[in-house]
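Everything below concerns the one structure shown next.
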Amino acid sequence: MRRSGHSAFPRTRFRPWLAFALTAASLGSAQAQPEIRWAVVDWPPAFVLTPDKQPARIEDLGDGQFDRLFQEIAQRLPEFTHRPQLVNSARLWHSIGEGQTLCAGPLRKSPERLQLAYLTPAVRLAPVSLVVRTAQSEAVLGGNGRASITELRARPDLRGRLEAARSYGAALDAAVQGPNPLPRETTARVGQTLEFVAAGRYDYTLEYAFVVEHLRRSGRLKSELSSLPLKEAGDWEPGYIVCPRTPWGLEAITAIDRAIRQASTAPGFREAYLRWLPSSVRQAQQAAMDAFYDARAKGGPQIE
(Lines give C-alpha, C1' and ligand atoms only; values in the text may rest on other atoms or scores of the structure.)
Protein backbone atom coordinates (compact mmCIF):
# COMPACT_ATOMS: atom_id res chain seq x y z
CA MET A 1 0.00 0.00 0.00
CA ARG A 2 1.39 3.38 -0.96
CA ARG A 3 1.84 6.08 1.65
CA SER A 4 2.41 9.73 0.84
CA GLY A 5 5.24 11.70 2.38
CA HIS A 6 5.14 15.34 3.51
CA SER A 7 2.56 17.63 1.95
CA ALA A 8 3.70 19.36 -1.23
CA PHE A 9 1.76 22.54 -0.37
CA PRO A 10 3.68 25.45 1.28
CA ARG A 11 1.97 25.88 4.67
CA THR A 12 2.55 29.64 4.74
CA ARG A 13 0.07 30.16 1.92
CA PHE A 14 -2.90 28.40 3.52
CA ARG A 15 -4.93 28.78 6.63
CA PRO A 16 -4.21 25.96 9.10
CA TRP A 17 -7.60 24.30 8.68
CA LEU A 18 -7.32 24.35 4.89
CA ALA A 19 -3.80 22.93 4.96
CA PHE A 20 -5.02 20.11 7.24
CA ALA A 21 -7.97 19.34 4.96
CA LEU A 22 -5.83 19.22 1.85
CA THR A 23 -3.18 17.08 3.54
CA ALA A 24 -5.84 14.65 4.78
CA ALA A 25 -7.36 14.45 1.33
CA SER A 26 -3.95 13.78 -0.18
CA LEU A 27 -3.29 10.98 2.32
CA GLY A 28 -6.72 9.47 1.73
CA SER A 29 -6.22 9.53 -2.02
CA ALA A 30 -2.82 7.84 -1.77
CA GLN A 31 -4.05 5.19 0.65
CA ALA A 32 -7.14 4.42 -1.47
CA GLN A 33 -4.97 2.53 -4.00
CA PRO A 34 -4.88 -1.07 -2.72
CA GLU A 35 -2.26 -3.51 -3.97
CA ILE A 36 -2.56 -7.01 -5.40
CA ARG A 37 0.57 -9.12 -5.33
CA TRP A 38 0.49 -11.77 -8.06
CA ALA A 39 2.30 -15.02 -7.34
CA VAL A 40 4.76 -15.87 -10.11
CA VAL A 41 6.47 -19.28 -10.31
CA ASP A 42 9.56 -19.83 -12.45
CA TRP A 43 7.98 -22.55 -14.57
CA PRO A 44 7.98 -21.93 -18.33
CA PRO A 45 5.92 -21.54 -20.37
CA ALA A 46 3.29 -20.79 -17.71
CA PHE A 47 5.61 -17.92 -16.79
CA VAL A 48 8.49 -16.92 -19.06
CA LEU A 49 10.89 -14.84 -17.00
CA THR A 50 13.96 -12.87 -18.01
CA PRO A 51 17.00 -14.81 -16.76
CA ASP A 52 18.52 -13.46 -13.52
CA LYS A 53 15.89 -10.74 -13.22
CA GLN A 54 12.90 -10.78 -10.90
CA PRO A 55 9.85 -8.95 -12.31
CA ALA A 56 9.11 -5.79 -10.29
CA ARG A 57 6.10 -4.56 -12.27
CA ILE A 58 3.26 -6.30 -14.05
CA GLU A 59 4.75 -4.94 -17.29
CA ASP A 60 7.94 -6.90 -16.56
CA LEU A 61 6.16 -10.23 -16.95
CA GLY A 62 7.04 -12.24 -20.04
CA ASP A 63 5.05 -13.87 -22.81
CA GLY A 64 3.97 -17.01 -20.97
CA GLN A 65 0.47 -18.40 -20.57
CA PHE A 66 -0.19 -16.99 -17.11
CA ASP A 67 1.93 -13.87 -17.71
CA ARG A 68 -0.59 -12.89 -20.35
CA LEU A 69 -3.61 -13.68 -18.16
CA PHE A 70 -2.26 -11.56 -15.29
CA GLN A 71 -1.45 -8.66 -17.61
CA GLU A 72 -4.91 -8.69 -19.20
CA ILE A 73 -6.61 -8.78 -15.79
CA ALA A 74 -4.40 -6.00 -14.37
CA GLN A 75 -5.17 -3.73 -17.32
CA ARG A 76 -8.82 -3.85 -16.32
CA LEU A 77 -8.16 -3.10 -12.64
CA PRO A 78 -6.55 0.37 -12.61
CA GLU A 79 -7.91 0.94 -9.10
CA PHE A 80 -5.28 -1.50 -7.80
CA THR A 81 -1.51 -1.38 -7.80
CA HIS A 82 -0.24 -4.66 -9.26
CA ARG A 83 3.07 -6.21 -8.23
CA PRO A 84 4.44 -9.62 -9.29
CA GLN A 85 6.07 -11.67 -6.54
CA LEU A 86 8.32 -14.60 -7.35
CA VAL A 87 7.36 -17.49 -5.07
CA ASN A 88 8.34 -21.09 -4.49
CA SER A 89 5.51 -23.33 -5.69
CA ALA A 90 5.94 -25.56 -2.64
CA ARG A 91 5.18 -22.65 -0.29
CA LEU A 92 2.48 -20.97 -2.33
CA TRP A 93 -0.45 -22.47 -0.42
CA HIS A 94 1.29 -21.84 2.87
CA SER A 95 1.34 -18.12 1.99
CA ILE A 96 -2.31 -18.18 0.93
CA GLY A 97 -3.27 -19.99 4.12
CA GLU A 98 -1.52 -17.33 6.19
CA GLY A 99 -3.79 -14.72 4.58
CA GLN A 100 -1.03 -12.83 2.82
CA THR A 101 -2.19 -10.23 0.29
CA LEU A 102 -1.30 -12.57 -2.54
CA CYS A 103 -3.36 -13.93 -5.42
CA ALA A 104 -2.28 -16.84 -7.60
CA GLY A 105 -3.32 -19.17 -10.35
CA PRO A 106 -4.76 -20.48 -12.44
CA LEU A 107 -4.96 -23.54 -10.19
CA ARG A 108 -7.22 -26.54 -9.86
CA LYS A 109 -9.99 -26.60 -7.27
CA SER A 110 -10.05 -28.97 -4.31
CA PRO A 111 -11.98 -29.10 -1.02
CA GLU A 112 -8.78 -28.27 0.87
CA ARG A 113 -8.12 -25.21 -1.27
CA LEU A 114 -11.68 -23.97 -0.82
CA GLN A 115 -11.02 -23.86 2.92
CA LEU A 116 -8.10 -21.47 2.38
CA ALA A 117 -9.07 -19.30 -0.58
CA TYR A 118 -11.75 -17.67 -2.69
CA LEU A 119 -11.72 -18.95 -6.28
CA THR A 120 -12.96 -17.69 -9.63
CA PRO A 121 -12.51 -19.53 -12.98
CA ALA A 122 -10.13 -17.97 -15.51
CA VAL A 123 -9.26 -20.67 -18.07
CA ARG A 124 -9.55 -24.36 -18.94
CA LEU A 125 -6.47 -26.36 -17.91
CA ALA A 126 -5.05 -29.36 -19.74
CA PRO A 127 -4.43 -32.64 -17.90
CA VAL A 128 -1.00 -34.20 -17.62
CA SER A 129 0.02 -36.18 -20.71
CA LEU A 130 2.10 -39.27 -21.34
CA VAL A 131 5.18 -38.13 -23.27
CA VAL A 132 7.04 -40.52 -25.57
CA ARG A 133 9.24 -40.25 -28.63
CA THR A 134 6.91 -39.80 -31.57
CA ALA A 135 8.19 -42.96 -33.21
CA GLN A 136 6.80 -44.96 -30.27
CA SER A 137 3.35 -43.33 -30.13
CA GLU A 138 1.41 -46.10 -31.82
CA ALA A 139 3.02 -48.75 -29.63
CA VAL A 140 1.67 -47.23 -26.40
CA LEU A 141 -1.80 -46.01 -27.44
CA GLY A 142 -4.78 -48.16 -26.56
CA GLY A 143 -7.76 -48.88 -28.76
CA ASN A 144 -9.62 -45.87 -27.36
CA GLY A 145 -6.88 -43.45 -28.37
CA ARG A 146 -5.57 -43.09 -24.82
CA ALA A 147 -2.50 -44.51 -23.13
CA SER A 148 -2.60 -46.13 -19.69
CA ILE A 149 0.20 -45.60 -17.20
CA THR A 150 -0.99 -48.68 -15.32
CA GLU A 151 -0.51 -50.85 -18.39
CA LEU A 152 2.81 -49.26 -19.28
CA ARG A 153 4.22 -50.03 -15.83
CA ALA A 154 3.63 -53.72 -16.53
CA ARG A 155 5.72 -53.66 -19.72
CA PRO A 156 9.37 -54.60 -19.06
CA ASP A 157 10.38 -53.41 -22.54
CA LEU A 158 9.60 -49.76 -21.71
CA ARG A 159 11.45 -47.61 -19.19
CA GLY A 160 9.55 -44.81 -17.48
CA ARG A 161 10.94 -42.09 -15.25
CA LEU A 162 9.33 -39.31 -13.20
CA GLU A 163 10.60 -36.20 -11.42
CA ALA A 164 11.54 -36.60 -7.77
CA ALA A 165 9.23 -35.10 -5.12
CA ARG A 166 6.62 -34.01 -7.69
CA SER A 167 2.89 -34.59 -7.47
CA TYR A 168 1.07 -35.26 -10.73
CA GLY A 169 -2.40 -35.09 -9.16
CA ALA A 170 -4.14 -37.54 -6.85
CA ALA A 171 -5.24 -40.02 -9.52
CA LEU A 172 -1.88 -40.23 -11.27
CA ASP A 173 0.07 -40.29 -8.02
CA ALA A 174 -1.92 -43.37 -7.01
CA ALA A 175 -1.42 -44.96 -10.44
CA VAL A 176 2.39 -44.69 -10.35
CA GLN A 177 2.75 -46.03 -6.80
CA GLY A 178 2.49 -49.62 -5.63
CA PRO A 179 4.87 -52.54 -5.16
CA ASN A 180 7.03 -51.42 -8.09
CA PRO A 181 6.64 -47.64 -8.32
CA LEU A 182 8.04 -45.80 -11.30
CA PRO A 183 11.59 -44.60 -10.59
CA ARG A 184 12.06 -40.90 -9.92
CA GLU A 185 15.01 -38.66 -10.64
CA THR A 186 16.11 -35.30 -9.29
CA THR A 187 16.26 -32.70 -12.04
CA ALA A 188 18.01 -29.35 -12.28
CA ARG A 189 15.60 -27.50 -14.57
CA VAL A 190 12.06 -27.59 -15.91
CA GLY A 191 11.70 -30.20 -18.64
CA GLN A 192 14.94 -32.08 -18.01
CA THR A 193 13.13 -35.44 -17.84
CA LEU A 194 11.71 -34.68 -21.28
CA GLU A 195 15.25 -34.16 -22.54
CA PHE A 196 16.17 -37.60 -21.19
CA VAL A 197 13.26 -39.19 -23.07
CA ALA A 198 14.14 -37.35 -26.29
CA ALA A 199 17.75 -38.55 -25.96
CA GLY A 200 16.63 -42.19 -25.55
CA ARG A 201 17.68 -42.54 -21.93
CA TYR A 202 14.07 -43.40 -20.99
CA ASP A 203 11.00 -44.29 -23.03
CA TYR A 204 8.32 -42.20 -21.36
CA THR A 205 7.49 -39.69 -18.65
CA LEU A 206 4.57 -37.58 -17.50
CA GLU A 207 4.35 -33.88 -18.31
CA TYR A 208 2.03 -31.16 -19.58
CA ALA A 209 1.86 -30.75 -23.35
CA PHE A 210 2.68 -27.05 -23.12
CA VAL A 211 6.02 -27.82 -21.43
CA VAL A 212 6.85 -30.20 -24.28
CA GLU A 213 5.96 -27.49 -26.78
CA HIS A 214 8.13 -24.94 -24.95
CA LEU A 215 11.15 -27.25 -25.13
CA ARG A 216 10.48 -27.96 -28.80
CA ARG A 217 10.37 -24.25 -29.65
CA SER A 218 13.50 -23.68 -27.57
CA GLY A 219 15.43 -26.35 -29.50
CA ARG A 220 16.16 -28.44 -26.40
CA LEU A 221 14.88 -31.78 -27.74
CA LYS A 222 17.12 -34.23 -29.64
CA SER A 223 14.14 -36.03 -31.16
CA GLU A 224 10.47 -35.32 -31.67
CA LEU A 225 8.19 -36.01 -28.71
CA SER A 226 4.44 -36.57 -28.61
CA SER A 227 2.04 -35.74 -25.78
CA LEU A 228 -0.60 -38.45 -25.54
CA PRO A 229 -3.86 -38.44 -23.56
CA LEU A 230 -3.81 -40.61 -20.45
CA LYS A 231 -6.65 -42.76 -19.19
CA GLU A 232 -5.76 -42.03 -15.56
CA ALA A 233 -5.30 -38.25 -15.98
CA GLY A 234 -8.90 -37.20 -16.58
CA ASP A 235 -9.98 -34.41 -18.90
CA TRP A 236 -9.62 -30.65 -19.19
CA GLU A 237 -11.04 -28.72 -16.23
CA PRO A 238 -11.41 -25.11 -15.04
CA GLY A 239 -8.39 -23.30 -13.67
CA TYR A 240 -9.06 -20.73 -10.96
CA ILE A 241 -7.48 -17.51 -9.78
CA VAL A 242 -7.30 -17.74 -5.99
CA CYS A 243 -7.02 -15.13 -3.23
CA PRO A 244 -6.93 -15.81 0.53
CA ARG A 245 -10.24 -16.33 2.32
CA THR A 246 -10.02 -13.00 4.17
CA PRO A 247 -11.88 -9.67 3.82
CA TRP A 248 -9.02 -8.41 1.65
CA GLY A 249 -9.17 -11.58 -0.43
CA LEU A 250 -12.91 -11.20 -1.01
CA GLU A 251 -12.42 -7.62 -2.22
CA ALA A 252 -9.61 -8.72 -4.54
CA ILE A 253 -11.35 -11.79 -5.97
CA THR A 254 -14.55 -9.80 -6.59
CA ALA A 255 -12.60 -7.29 -8.67
CA ILE A 256 -10.64 -10.04 -10.44
CA ASP A 257 -13.84 -11.93 -11.31
CA ARG A 258 -15.23 -8.76 -12.89
CA ALA A 259 -12.02 -8.21 -14.85
CA ILE A 260 -12.05 -11.80 -16.13
CA ARG A 261 -15.57 -11.37 -17.43
CA GLN A 262 -14.52 -8.18 -19.21
CA ALA A 263 -11.33 -9.75 -20.61
CA SER A 264 -13.14 -12.85 -21.85
CA THR A 265 -14.01 -11.08 -25.10
CA ALA A 266 -10.38 -10.07 -25.77
CA PRO A 267 -8.35 -12.25 -28.19
CA GLY A 268 -5.17 -11.85 -26.12
CA PHE A 269 -6.89 -13.27 -23.04
CA ARG A 270 -8.62 -16.09 -24.92
CA GLU A 271 -5.44 -17.23 -26.65
CA ALA A 272 -3.01 -16.85 -23.72
CA TYR A 273 -3.15 -20.51 -22.70
CA LEU A 274 -3.75 -22.33 -25.98
CA ARG A 275 -1.02 -20.49 -27.90
CA TRP A 276 1.64 -22.48 -26.03
CA LEU A 277 0.15 -25.88 -26.91
CA PRO A 278 0.88 -28.06 -29.97
CA SER A 279 -1.21 -27.14 -32.99
CA SER A 280 -3.16 -30.42 -32.88
CA VAL A 281 -4.21 -29.75 -29.27
CA ARG A 282 -5.10 -26.13 -30.04
CA GLN A 283 -7.35 -27.20 -32.88
CA ALA A 284 -9.03 -29.88 -30.78
CA GLN A 285 -9.67 -27.56 -27.82
CA GLN A 286 -10.41 -24.22 -29.50
CA ALA A 287 -14.19 -24.63 -29.65
CA ALA A 288 -14.45 -25.67 -25.99
CA MET A 289 -12.21 -22.78 -24.90
CA ASP A 290 -14.28 -20.30 -26.90
CA ALA A 291 -17.47 -21.65 -25.33
CA PHE A 292 -15.93 -21.28 -21.86
CA TYR A 293 -15.07 -17.62 -22.46
CA ASP A 294 -18.40 -16.88 -24.13
CA ALA A 295 -20.11 -18.10 -20.98
CA ARG A 296 -17.79 -16.08 -18.73
CA ALA A 297 -18.35 -12.91 -20.74
CA LYS A 298 -22.15 -13.21 -20.67
CA GLY A 299 -22.57 -14.62 -17.18
CA GLY A 300 -22.46 -13.11 -13.72
CA PRO A 301 -19.91 -13.48 -10.93
CA GLN A 302 -18.55 -16.98 -10.29
CA ILE A 303 -16.85 -16.79 -6.91
CA GLU A 304 -16.57 -19.75 -4.58
Side-chain angles (χ1 to χ4, degrees), residues 41-49 51 63-65 89-90 125-236 273-285:
V41 179
D42 188 4
W43 189 46
F47 295 99
V48 179
L49 306 179
D63 199 30
Q65 296 167 303
S89 59
L125 296 177
V128 174
S129 299
L130 177 79
V131 183
V132 300
R133 290 183 295 282
T134 300
Q136 292 181 296
S137 296
E138 292 186 7
V140 300
L141 279 176
N144 60 355
R146 287 178 176 261
S148 168
I149 194 69
T150 304
E151 295 174 6
L152 287 174
R153 287 180 59 198
R155 292 182 56 173
D157 58 317
L158 296 176
R159 298 161 300 163
R161 190 60 56 111
L162 304 178
E163 290 184 18
R166 175 176 174 180
S167 172
Y168 294 88
L172 277 174
D173 286 347
V176 299
Q177 297 302 319
N180 297 300
L182 278 176
R184 291 179 178 258
E185 184 163 329
T186 300
T187 55
R189 58 185 176 272
V190 174
Q192 190 171 19
T193 307
L194 297 173
E195 295 174 318
F196 293 154
V197 173
R201 183 171 170 179
Y202 308 119
D203 295 305
Y204 65 89
T205 189
L206 301 179
E207 190 51 271
Y208 291 100
F210 53 78
V211 178
V212 180
E213 181 68 6
H214 172 68
L215 265 65
R216 185 190 69 79
R217 296 184 193 181
S218 302
R220 287 173 51 186
L221 301 177
K222 291 186 177 180
S223 62
E224 187 176 353
L225 298 182
S226 292
S227 303
L228 307 177
L230 264 174
K231 174 184 176 182
E232 296 89 351
D235 208 344
W236 288 58
Y273 189 80
L274 284 182
R275 62 190 292 275
W276 274 103
L277 284 155
S279 58
S280 59
V281 179
R282 291 201 304 270
Q283 293 170 6
Q285 294 296 326

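Shown are Arg189, Arg201, Lys222; of these, the side chain to side chain donor-acceptor pair (under 3.5 Å) with Glu195 is made only by Arg189.
In terms of the side-chain hydrogen bond (donor to acceptor under 3.5 Å, both in side chains) criterion, Ser280 has no residue partners (sequence neighbours excluded). Take Tyr168 and apply the ring-ring contact (aromatic ring centres under 6.0 Å, His included) test, not counting sequence neighbours, and it matches no residue. When the ring-ring contact (aromatic ring centres under 6.0 Å, His included) test is applied to Tyr204, no partner is found at least two apart in sequence or on another chain. Listed by chain and number, the residues in a side-chain contact (heavy atoms from CB on, under 4.5 Å) with Ser129 are Ala209, Ser227 (sequence neighbours excluded). Remark: Arg153 engages no residue in a side-chain hydrogen bond (donor to acceptor under 3.5 Å, both in side chains) (not counting sequence neighbours). For Glu151, there are no salt bridge (Lys or Arg N to Asp or Glu O under 4.0 Å) partners at least two apart in sequence or on another chain.
Looking only at distances, a side-chain donor or acceptor of Arg146 sits under 3.5 Å from a matching main-chain atom of Leu230. Using modelled atom types, one side-chain atom of Tyr273 and one backbone atom of Ala126 make a donor-acceptor pair closer than 3.5 Å. The backbone N or O of Leu277 lies less than 3.5 Å from a partner atom in the side chain of Arg282, making a donor-acceptor pair. Arg161 places no side-chain N or O within 3.5 Å of a backbone atom of Thr205 that could act as its donor or acceptor partner. Side-chain atoms of Ser226 never come within 3.5 Å of backbone atoms of Ser137 as a donor-acceptor pair (strictly under, hydrogens ignored). A donor-acceptor contact shorter than 3.5 Å links the side chain of Arg184 to the backbone of Glu163.
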May I have the step-by-step check of side chain to side chain contact (heavy atoms under 4.5 Å, CB included) for Leu274 and Gln285, ending in yes or no? CA-CA 8 Å; Leu274 284 182; Gln285 294 296 326; 4.1 Å; yes
Step by step, work out the side chain to side chain contact (heavy atoms under 4.5 Å, CB included) result for Ile149 and Leu182. CA-CA 10 Å; Ile149 194 69; Leu182 278 176; 3.9 Å; yes
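Residues Thr193 and Glu185 bring no donor and acceptor atom of their side chains to less than 3.5 Å of each other.
The local environment of CD in Glu138 is sparse, with at most 12 non-hydrogen atoms from other residues, nucleotides or ligands closer than 6.0 Å.
Here the closest non-hydrogen pair linking Trp276 and Gly64 is NE1-CA, 3.8 Å. Considering every non-hydrogen atom in both Val211 and Val190, the closest pair reads CG1-CG1, 4.1 Å.
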